[in-house]
Amino acid sequence: MQIKISDTYEIMSDSCVTDLLDKIRDIPEPLICTASGDTPKGMYLDLVNRVLEKKLDISNWHFIGLDEWAGMNGSDEGSCRWHLNNQLFHPLHIENDKIIFFDGRAKNLQGECDRIEDYVFQKGGIDVAILGLGMNGHIGMNEPGTLALSRSHIAHIDPLTAKVGQKYFGKETKLSMGVTLGIKTLFEAKHIMLLANGSKKAEIVLMVLSSSPTPELPASLITGHTDFCAYLDKEAASLSLKNHE
C-alpha cells in the first residue's frame, strides 16, 4: 500500500494526473476507469488543461464508467455520466466509441452488467482505476456488505449514500439502486488510485487504511492490491497522520 499526502487539494490533483500518465506511459491503448463525484473533479480539470495546452495526446485512451444510478443515463442531469460528460468527456471531445458506460435506464440492468464485464474481458482488463471514497467506505456503488469476489452488479444503495448523493441533483431525487463495477473487477485492474480530500473524509480514511479487509468497509478490500495508492490532501489525512505519530 502506498499513501501520498499533499498539502492542498490542487497539489493532490496534479499529483494524481502525473502518476496516471506514468502508469500508462507504455500502454498503447489504455483503459481507464473513471469515477464521478467531487473528489476526482480537480484531477479531471488538470488533465483537461494539459490536453488543451497541447502537453498531452489522449487520442488512444479508452474510458469505462465506474457506476450509474438506476433509472438514469447521460441524458439525466445529475447522473454519473452527466457529470463525467461535463467534467471530462466533452471538454476533451472524447469520441463515443472510446467510452463504455452503464445505461441505468436499460430495461435489463443485469444485461448491462454482463455487457460491461464482457467489454472489460475483451480489453484485457482495466489498466488504471480512479476511485473516490464514500463516507461509509464504499467505492463506486459497492456498498457495505459487498463481497470481495463481486463482479459488475445491481446495487442496493445504502441510506447514507442516498443522503449524500442528493448534492448532485437540483431537487430531491430517489436513489435506491444502481449498477457498478464490482470489487473483483476493480481489484484485477493493473493500478488502483483511491482519492479522498477534505476533513469530512478524515475518519473514513483512517478506518479504511487501518482496517483489515472486510466487506463492511468495501474500500478496505482493495488496499492489498499490488499497485494500490491512496491520494490524500492534508485534511483527509489528518487523523491518519495522528494515528502514526
Side-chain angles (χ1 to χ4, degrees), residues 9 13 33-45 48 63-91 96 99-113 115-116 129-147 150 152-183 186 194-208 215-219 232-233 235-236:
Y9 172 69
S13 299
C33 169
T34 50
S36 61
D38 292 336
T39 301
K41 183 165 58 175
M43 179 183 181
Y44 300 151
L45 178 60
V48 168
F63 299 88
I64 183 169
L66 174 60
D67 54 9
E68 185 58 276
W69 304 107
M72 300 183 202
N73 58 24
S75 63
D76 296 287
E77 184 173 346
S79 69
C80 299
R81 177 64 185 267
W82 185 85
H83 282 289
L84 281 167
N85 280 345
N86 288 315
Q87 294 172 3
L88 190 65
F89 301 145
H90 289 172
N96 281 332
I99 304 169
I100 186 79
F101 220 98
F102 291 102
D103 182 356
R105 282 181 172 265
K107 292 182 179 180
N108 182 357
L109 289 180
Q110 184 55 53
E112 279 296 287
C113 296
R115 178 178 68 88
I116 295 293
I130 301 167
L131 309 173
L133 177 62
M135 295 296 291
N136 58 5
H138 75 235
I139 47 174
M141 293 181 186
N142 293 286
E143 300 285 7
T146 305
L147 300 179
S150 64
S152 295
H153 61 277
I154 302 168
H156 293 275
I157 303 303
D158 184 82
L160 178 58
T161 302
K163 180 180 179 181
V164 173
Q166 295 301 320
K167 65 182 177 180
Y168 300 118
F169 301 92
K171 60 181 180 180
E172 187 169 348
T173 303
K174 183 180 180 181
L175 304 172
S176 59
M177 297 184 71
V179 278
T180 183
L181 295 177
I183 300 290
L186 294 170
L194 182 69
L195 285 57
N197 72 291
S199 57
K200 66 182 181 299
K201 293 289 180 71
E203 185 173 356
I204 192 63
V205 164
L206 173 61
M207 292 173 65
V208 167
E216 296 313 308
L217 283 173
L232 315 170
D233 67 0
E235 291 184 349

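Values reported hereafter were calculated over all heavy atoms of this structure, with side chains retained and with hydrogens, waters and symmetry mates removed.
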Name every donor-acceptor pair, under 3.5 Å, that has one atom in a side chain of residues 130-142 and the other anywhere in the protein, sequence neighbours excluded.
| residue | atom | partner | partner atom | Å |
| --- | --- | --- | --- | --- |
| Asn136 | OD1 | His138 | N | 3.1 |
| Asn136 | OD1 | His138 | ND1 | 2.9 |
| Asn136 | ND2 | Glu143 | OE1 | 3.1 |
| Asn136 | ND2 | Asp158 | OD2 | 3.2 |
| Asn136 | ND2 | Thr161 | OG1 | 3.3 |
| His138 | ND1 | Glu143 | OE1 | 3.4 |
| His138 | ND1 | Thr161 | OG1 | 3.1 |
| Asn142 | ND2 | Ile139 | O | 3.0 |
| Asn142 | ND2 | Leu181 | O | 2.8 |

Over all atoms of both residues, closest heavy-atom pair of [X] and [Y]:
X      : Y      : result
Ser150 : Leu147 : OG-O, 2.9 Å
Ala196 : Ala236 : O-CB, 3.6 Å
Ser36  : Pro40  : O-CG, 4.0 Å
Pro91  : Val48  : CB-CG1, 3.9 Å
Phe102 : Thr180 : CZ-C, 3.5 Å
Leu66  : Ala35  : CD2-CB, 3.6 Å

If a pair satisfies salt bridge (Lys or Arg N to Asp or Glu O under 4.0 Å) and one of its residues is in residues 66-88, list it, with sequence neighbours excluded.
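Residue pairs with at least one partner in residues 66-88: Asp76-Arg105.
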Does any part of the side chain of Leu217, heavy atoms only, come nearer than 4.5 Å to the side chain of Ile204, both counted from C-beta?
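Result yes, sub-4.5 Å side-chain heavy-atom pair found.
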When rounded to the nearest 0.5 angstrom, what distance separates [atom1] in [X] from [atom2] in [Y]?
X      : Y      : atom1 : atom2 : value
Gln110 : His153 : CD    : NE2   : 10.0 Å
Ser13  : Asp233 : OG    : CG    : 9.0 Å
Leu194 : Leu186 : CG    : CG    : 10.5 Å
Phe169 : Trp82  : CZ    : CH2   : 10.0 Å
Asp103 : Asn108 : CG    : CG    : 11.0 Å
Ile183 : Ser152 : CD1   : OG    : 11.0 Å

Kindly determine whether Ile64 and Cys33 satisfy side-chain contact (heavy atoms from CB on, under 4.5 Å), including the steps that lead there.
CA-CA 5 Å; Ile64 183 169; Cys33 169; 3.8 Å; yes
Considering residues at least two apart in sequence or located in another chain, which fulfil the side chain to side chain donor-acceptor pair (under 3.5 Å) criterion with [X]?
X      : result
Lys167 : Asp38
Asn197 : Thr39
Ser75  : Asn73
Thr34  : none

Results of ring pair (Phe, Tyr, Trp, His ring centres under 6.0 Å) for His83 - residues two or more places apart only:
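Only Tyr168 meet the ring pair (Phe, Tyr, Trp, His ring centres under 6.0 Å) criterion with His83.
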Restricting to ring pair (Phe, Tyr, Trp, His ring centres under 6.0 Å), what partner residues turn up for Tyr9, sequence neighbours left out?
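Expected list: none.
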Among all residues two or more places apart in sequence or in another chain, which pass the side chain to side chain contact (heavy atoms under 4.5 Å, CB included) test with Leu45?
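With sequence neighbours excluded, Leu45 shows a side chain to side chain contact (heavy atoms under 4.5 Å, CB included) to Asn49, given in chain and number order.
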For Glu112, which residues count as a salt bridge (charged side-chain N to carboxylate O under 4.0 Å, His left out) partner, sequence neighbours excluded?
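Only Arg115 meet the salt bridge (charged side-chain N to carboxylate O under 4.0 Å, His left out) criterion with Glu112.
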Atom NZ of Lys200: over 12 foreign heavy atoms under 6.0 Å
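Counting other residues, nucleotides and ligands, NZ of Lys200 exceeds 12 neighbours.
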